[in-house]
There are 2 protein chains.
Amino acid sequence: MRREVTLRDVAELAGVSSRTVSNVVNGYANVTDHTRERVQRAVEQLGYRPNVLARNLAQGRSGQIAVVVPYLDTPYFSELLQSVIRAARVRGYNVLIDQTDGDPEHERAFIAHGSRRLLFDGVIFSPLGLDQQALADRDPTLPLVILGERSSDGSFDHIGIDDVAASRQATEHLLDLGRQRIAAIGDQPYATGEAAQRRTRGFREAHAARGLTPREDLIISTPRFNRPDGARAMAHLLDLPEPPDAVFCYSDLVALGAIRTLVSRGLRVPEDVAVIGYDDIEDGRFSNPTVTTISPDKEAIATTAVERLLLRIGSSTPPEGLEVRAPHRLIIRESTAGRATGTI
Amino acid sequence: MRREVTLRDVAELAGVSSRTVSNVVNGYANVTDHTRERVQRAVEQLGYRPNVLARNLAQGRSGQIAVVVPYLDTPYFSELLQSVIRAARVRGYNVLIDQTDGDPEHERAFIAHGSRRLLFDGVIFSPLGLDQQALADRDPTLPLVILGERSSDGSFDHIGIDDVAASRQATEHLLDLGRQRIAAIGDQPYATGEAAQRRTRGFREAHAARGLTPREDLIISTPRFNRPDGARAMAHLLDLPEPPDAVFCYSDLVALGAIRTLVSRGLRVPEDVAVIGYDDIEDGRFSNPTVTTISPDKEAIATTAVERLLLRIGSSTPPEGLEVRAPHRLIIRESTAGRATGTI
DNA sequence: CTACGCTTTTGCAGCGCTGCAAAGCAAAGC
DNA sequence: GCTTTGCTTTGCAGCGCTGCAAAAGCGTAG
């Protein structure tokens, strides 16, 4: 493998200093047209390509941001990632992806003073099992934006939708349909389940607002928010003496799993049991039935996350930690409204 | 932001040369226990962390591999990526992910002599619209492993399942069920549609083996392999004077889209129309009905891809381009076998 | 003709690490 | 006692680039 062309090679051919070539390549001001042209000709002639590594080392930055998610194969995350990658690329950043498998140790390692540091200039982080302690122990110099769970302590930005409001809205939708026994699948009544708990809060609030109290045995907790969890939880609910006639699922995957169980037991959705999900992933738009859901504005979340992170990376005095509420809306589909609502 | 601790700082504290510290940190042989201990103590005391950037620059490698896929939110790719990331991490490599949106220009740019080069030591590439020309024009020094489509010209490795055999198997399964009018959704009768064409070949071969000829109007081509494509194609098929009684879909997403259309028109799957997919994504295991599919061994594909790539990266004389056939199998679920087959 | 202010160009040091080859050193051999 | 051998340790150069500050060029004013 022959040596790559360097700045110096170009400089020699163009008859200028390597610093000048650097100036031209980086589009710095104050280069005469004459010089610029000569350099550019030399660059093209030699096929010069800047060595990103060297540039980064000299600049002390990496030009990469890391995005850390629990699971890459969860549609919600892959859809979100897609937008993040686009947003980052536009701004000249590469995206390094890491999945933690929800392992708290792994999550902790990622934001702690790490050997991987310097490989990325900042982190967009969607934690799952991260406790307050781990956040406190984190590398304070690492620009950080957190998605989803938890709220900011002022030293980082947090972006998410209003989980309580969205959950209340979802539950109200079921109540509006006249359902009497509404279940909730996805609660996580332990320290790291903040997001889940906020959804449960919304669920309770919606009931309370109408003078109702949800049955405690209809609030099912699940370790994750995936299809098998949903399927299992639904099976459990159906085995109750008085099973629910509607279910609020804390993710679309849970909803899809639940629907699967319902259908395979010969029940009709929504006639026998209405189901509502959360996340608005593509699957829910093509499933049978299609899934009513809370749709967070993923594009907004991704773009804002990248923007805030780059802002942090760029400024020496870190900006105030921001609490950003991304928009969301309720999308009504067949799993609550019935076939009438139609297709996509 | 205070300066980071460097090798030199550690060296000074330990009273040795920085080179020795480097030797200890990298676990090189021939360091006396005594020295090693002193250095390690100093490392811990100062909280030293190697600067990956500098190391990479000095070594002329980046410690990163790029994985390039058309769409990140396609479950097949995100499931595959998940395995690739794990395999790479075990071997000390980070994964840089890029999506091309299937844009041929973008794909081309990625393997051409690129400015991004040096950011990664090699590429695992799953092309969509890449023609032979682009492959020929590629940076010959870039270690490359290609997934899915196309076959190797000897200068890179190619890993995929035997599409023709798998497709024949899928079609045979439908024929075995006694279906008379079998459609195929996903053909791509143009230069960049090699993979699709191989599936069509298997489809035809299965028919031919029984002295049958598929009806040409039942072979539908689609631009992509996603749900909307499948839904549209199925709608078209149902509008034919003599619609099919079985469909071979070139991806599970296409199958899910097709099923969606069938169900929304009040048809029963598989009684009225049997559907078989390809890829074995999780969605198909929880849909209604669950989807019979060709299941490629994704774990094997991912692991092999990473291994071959690192082999290429590691050796100065590039190994012979390998054509690897990963295993696959037919998984029969409800969309062809009916409810009897049960759950997951 | 010198001085001054501005733009353009340059030289150098250094980012933090590793490759290389030489130097140091202790044990073994003659 | 001196050389040889083999293991440890070291020094230096350099990966390719950019920050910094000084130097050079150049037009205008005094």
Side-chain angles (χ1 to χ4, degrees), chain A residues 1-40 42-43 46-64 92 114-119 121 316, chain B residues 1-40 42-43 46-64 92 114-119 121 316:
Chain A
M1 192 158 97
R2 75 193 180 296
R3 212 174 52 79
E4 291 284 319
V5 181
T6 74
L7 268 191
R8 223 182 309 279
D9 299 328
V10 178
E12 208 161 306
L13 178 62
V16 295
S17 78
S18 66
R19 197 61 185 76
T20 299
V21 178
S22 168
N23 286 337
V24 172
V25 170
N26 292 289
Y28 290 159
N30 301 344
V31 182
T32 50
D33 291 350
H34 173 243
T35 322
R36 186 190 317 281
E37 257 171 50
R38 292 181 44 134
V39 171
Q40 273 164 351
V43 163
L46 296 175
Y48 168 75
R49 303 256 146 223
N51 179 324
V52 198
L53 246 48
R55 173 181 296 169
N56 291 345
L57 177 61
Q59 291 188 148
R61 39 150 268 169
S62 72
Q64 299 187 142
S115 64
R116 302 262 247 335
R117 187 77 165 84
L118 283 178
L119 258 185
D121 301 329
S316 44
Chain B
M1 191 158 102
R2 73 190 180 299
R3 212 175 51 79
E4 291 285 319
V5 181
T6 75
L7 268 191
R8 220 181 312 278
D9 299 329
V10 178
E12 208 160 307
L13 179 63
V16 295
S17 78
S18 67
R19 196 62 184 78
T20 299
V21 178
S22 168
N23 285 337
V24 172
V25 170
N26 292 288
Y28 289 158
N30 301 344
V31 181
T32 49
D33 290 350
H34 173 243
T35 324
R36 185 191 318 281
E37 256 171 52
R38 290 181 47 134
V39 171
Q40 272 164 351
V43 163
L46 296 175
Y48 168 74
R49 303 257 146 221
N51 179 324
V52 198
L53 244 49
R55 173 182 295 169
N56 291 346
L57 177 62
Q59 290 187 149
R61 41 151 267 169
S62 72
Q64 299 187 144
S115 64
R116 302 262 249 337
R117 186 79 166 84
L118 282 179
L119 258 185
D121 301 330
S316 44

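All values below were derived from every heavy atom in this structure, side-chain atoms included, with hydrogens, water molecules and symmetry-related copies excluded. All values derive from a computational prediction rather than experimental measurement. Sequence lines set the chain letters: A, B, ... in the order given, protein chains first and strands last, and positions in each chain run from 1.
In this structure, E37(B) has no side chain to side chain contact (heavy atoms under 4.5 Å, CB included) partners at least two apart in sequence or on a different chain. E12(B) meets the side chain to side chain contact (heavy atoms under 4.5 Å, CB included) test with no other residue; sequence neighbours excluded.
S18(B) comes within contact range of no nucleotide atom at all, as no heavy-atom separation falls under 4.0 Å. Using a 4.0 Å heavy-atom criterion, one finds that N26(B) contacts the sugar-phosphate atoms exclusively. Residue-level contact check: T20(B) touches the bases, meaning some heavy atom is under 4.0 Å from a base atom. Using a 4.0 Å heavy-atom cutoff across all strands shown, R19(B) reaches at least one base atom of the nucleic acid.
When the options L13(B), V39(B), D9(B), V10(B) are evaluated for a side chain to side chain contact (heavy atoms under 4.5 Å, CB included) with Y48(B), the one that passes is V10(B).
Between L57(B) and N51(A) the shortest heavy-atom distance is CD1-ND2, 4.4 Å.
Between T6(B) and dG16(C) there is no side-chain N or O to OP1 or OP2 distance below 4.0 Å.
Comparing dT8(C), dC15(D), dG19(C) against the side chain of Q59(B) picks out dG19(C) as the nearest. Distances from the side chain of R8(B) to the nucleotides dC17(C), dT8(C), dT18(D) place dC17(C) closest. Picking from dT18(C), dG16(C), dG16(D) the nucleotide with the shortest atom distance to the side chain of A54(B) gives dG16(C). Proximity note for L57(A) (side chain, C-beta onward) versus dC17(D), dC15(C), dC17(C): the nearest is dC15(C).
At a cut-off of 3.5 angstrom, counting only N and O atoms as typed in the model, there is no donor on one side facing an acceptor on the other between the side-chain of R49(B) and the base of dG16(C).
Pairing of dG11(D), defined by two Watson-Crick or G-U wobble distances under 3.5 Å, is identified with dC20(C).
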